[in-house]
Novice: 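Before we start, here is the structure in question, set down as structure tokens.
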Amino acid sequence: MNVLGLEGTAWNLSAALVDEDDVVVEENAIYVPARGGIHPREAAQHHAEHMLPVVKAVLDMAEDEDLSIDGVAFSQGPGLGPCLRTVATAARALSLRYGVPLMGVNHCVAHIEVGKWKTGARDPVILYVSGGNSQVLALRRGRYRIFGETLDISVGNALDKFARRAGLPHPGGPKIEEMAREADEYVPLPYVVKGMDFSFTGLSTAAAEALRKHDLTDVCSSLQETAFAMLVEVTERAMAHAEKNEVLLAGGVGANRRLQEMLDIMCDERGARFYVPERRFMGDNGSMIAYTGLLMQKSGVEISLAESKVRPGYRTDEVEVVWV
Ligand code: AMP
Ligand code: MG
């Protein structure tokens, strides 16, 4: 069975074809804002302009290899409204054109499923950290329950905002990681964990203000140490509550080596296993949507055109995970 998947919730327009075993082909078109952060309407325009070549590359490959298209999946939410609508329109057209089922995929669930698929993690606590979301989750009674999440902006957004104020290019995460390696002093910054939730706005602002008195490299490193310690604390507590002994890292911020190292140490101390997917499956990608669509289709979870309206605020725990 082959499923075509479309991702385009924010910066990456991505189409992929997967079968049960692997990714057959994936094609990407990346939106880079001219200045500042992601502008939803500009990003949607970017996706509309690149939709045809991106999808065509995947379909041409399928045709060359004589592969059938058995289903079409798209990220229905959460994400930026204009971007979601552009992708949903293309997905509806493709499902009609091939006369195959349409699957509306929750973007966060897709990050989790592709991570499990690619690492072999079975029943992990998931730390999902990206440009739009920051959540600690675990599967319980048929849903990925949110044990903790950000009370304001995501950790990726906090890094990107700080980077912008520090004059670093977008996306800020990778640049901050690079600068942090040169640090030699720790700058105390606000550490905000409330119960199982965390907050990053104050931290991002305080870090930007600290630039007046401290070295950029020191602030970058201290921002990482503080933000990541908050995430690791909540992840560890979720493991204890949910009685799980695996951690899966998901989302673009998961590419950060220091975050990986901190989680690795925590897991080691608990005798737990730590799973990190290959870099290409951490940030937004079409393969994760196609693969989750395939799981859904095999379980009979498809939607009608009438049900295919986009869901910008789609919560991870709204999804009934019937395929596990
Ligand atoms: P996503 O939304 O999952 O595609 O992830 C995008 C976010 O990941 C952006 O906020 C980036 O700044 C962040 N990011 C990417 N690479 C790194 C890195 N090496 N360290 C920290 N953040 C990163
Ligand atoms: Mg994402």
Side-chain angles (χ1 to χ4, degrees), residues 5-14 16 26 28-33 36-38 40 43 47 74-80 83-84 87 105-115 126-135 137 144 149-150 153-166 168-181 200 203-204 207 220-232 248-263 276-289 291-292 312 314-316:
L6 294 184
E7 157 61 27
T9 53
W11 58 274
N12 192 16
L13 175 70
S14 180
E26 184 184 273
N28 297 281
I30 296 171
Y31 158 75
V32 183
I38 297 177
H47 294 356
F74 70 103
S75 44
Q76 196 170 10
L80 304 171
C83 296
L84 292 172
V87 169
V105 175
N106 178 293
H107 176 92
C108 311
V109 169
H111 272 290
I112 298 171
E113 295 301 350
V114 81
I126 303 111
L127 175 61
Y128 168 41
V129 278
S130 73
N133 306 277
S134 298
Q135 295 179 331
L137 313 114
Y144 290 111
E149 65 185 322
T150 183
I153 58 174
S154 72
V155 63
N157 194 217
L159 295 174
D160 294 342
K161 278 199 161 119
F162 164 79
R164 226 174 299 146
R165 290 183 65 177
L168 301 171
H170 184 90
K175 200 73 204 164
I176 292 170
E177 178 172 20
E178 201 185 307
M179 302 295 265
R181 287 203 200 98
F200 293 108
L203 172 60
S204 183
C220 285
S221 153
S222 307
L223 171 57
Q224 284 197 161
E225 294 302 308
T226 310
F228 298 167
M230 287 157 57
L231 296 169
V232 174
L248 172 68
L249 186 56
V253 181
N256 190 289
R257 296 285 167 160
R258 180 58 185 145
L259 176 57
Q260 291 177 10
E261 183 183 31
M262 289 166 81
L263 286 163
V276 186
E278 226 180 289
R279 174 74 186 93
R280 60 180 285 225
F281 296 115
M282 300 212 87
D284 297 347
N285 63 90
S287 299
M288 69 183 195
I289 304 299
Y291 176 67
T292 308
Y314 201 179
R315 300 255 311 159
T316 320

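For ligands, and for the atoms within them, numbers begin at 1 and follow the listed sequence.
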Novice: Which of the atoms of ligand 1 are close to Gly251, meaning less than 4.0 Å from one of its heavy atoms?
Specialist: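 Listed by number with element, the hits are 3 (O).
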Novice: Does CZ belonging to Arg280 count more than 12 external heavy atoms closer than 6.0 Å?
Specialist: yes
Novice: Measure Leu159 to ligand 1 on non-hydrogen atoms and call it side chain, backbone, both or neither using the 4.0 Å cut-off.
Specialist: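 Answer for Leu159: side chain.
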Novice: Is the shortest N/O to N/O distance between Gly173 and ligand 1 below 3.5 Å?
Specialist: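 N/O-N/O distance below 3.5 Å exists for this pair.
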Novice: Please list, in number order, the atoms of ligand 1 under 4.0 Å from a heavy atom of Gly156.
Specialist: 10 (O)
Novice: Distance check, rounded to the nearest 0.5 Å: Ser75 atom OG versus Asp284 atom CG?
Specialist: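 That separation rounds to 8.0 Å.
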Novice: Determine whether Arg258 and Arg181 make a side-chain contact, defined as any pair of heavy atoms from C-beta on separated by less than 4.5 Å.
Specialist: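 No, side chains not in contact.
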Novice: Starting at OG of Ser204, measure out to CG of Leu223 and round the result to the nearest 0.5 Å.
Specialist: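 These two atoms lie 6.5 Å from each other.
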Novice: Look at the side chain of Glu26 and the backbone N and O of Ser14, then say whether any donor-acceptor pair between them is shorter than 3.5 Å.
Specialist: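 It does not hold such a pair.
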Novice: Measure from the Mg ion (ligand 2) to each N, O or S atom of His111 and report whether any distance is below 2.8 Å.
Specialist: yes
Novice: With side chains defined as the heavy atoms from C-beta onward, is the minimum distance between His111 and Gln135 less than 4.5 Å?
Specialist: no
Novice: Do the non-hydrogen side-chain atoms of Phe162 and Leu203 ever get within less than 4.5 Å of each other?
Specialist: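 Result no, sub-4.5 Å side-chain heavy-atom pair not found.
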Novice: Which protein non-hydrogen atom lies closest to atom 14 (N) of ligand 1, naming both residue and atom, and how far is it?
Specialist: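 Its nearest protein heavy-atom neighbour is Gly252 O, 3.6 Å.
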Novice: His107: which N/O/S atom is nearest the Mg ion (ligand 2)?
Specialist: NE2
Novice: Using heavy-atom distances only, which candidate in Val253, Val155, Asp284 approaches atom 13 (C) of ligand 1 most closely?
Specialist: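 Closest candidate by heavy-atom distance is Val253.
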Novice: Nearest protein heavy atom to atom 19 (N) of ligand 1, by residue and atom, and its distance?
Specialist: Glu177 OE1, 2.8 Å
Novice: Nearest protein heavy-atom contact for atom 4 (O) of ligand 1: which residue, which atom, what distance?
Specialist: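 Looking only at protein heavy atoms, the one closest to atom 4 (O) of ligand 1 is Trp11 NE1, 2.8 Å.
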Novice: Check whether any side-chain heavy atom of Pro78 sits under 4.5 Å from a side-chain heavy atom of Cys108, and report yes or no.
Specialist: yes
Novice: Would you say the side-chain atoms of Thr316 pair up with the backbone N or O of Tyr144, donor to acceptor, closer than 3.5 Å?
Specialist: no
Novice: What protein heavy atom is closest to atom 10 (O) of ligand 1, reported as residue, atom name and distance in Å?
Specialist: Asp160 OD2, 2.7 Å
Novice: Name of the Asp284 N, O or S atom nearest the Mg ion (ligand 2)?
Specialist: OD1
Novice: Where is the nearest protein heavy atom to atom 7 (C) of ligand 1: which residue, which atom, and how far?
Specialist: Gly131 N, 3.6 Å
Novice: Where is the nearest protein heavy atom to atom 20 (N) of ligand 1: which residue, which atom, and how far?
Specialist: Asn256 ND2, 3.0 Å
Novice: Are the side chains of Pro277 and Val114 in touch, meaning some heavy atoms are under 4.5 Å apart?
Specialist: no
Novice: Atoms of ligand 1 less than 4.0 Å from Pro171 heavy atoms?
Specialist: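 Answer for ligand 1: 11 (C), 12 (O).
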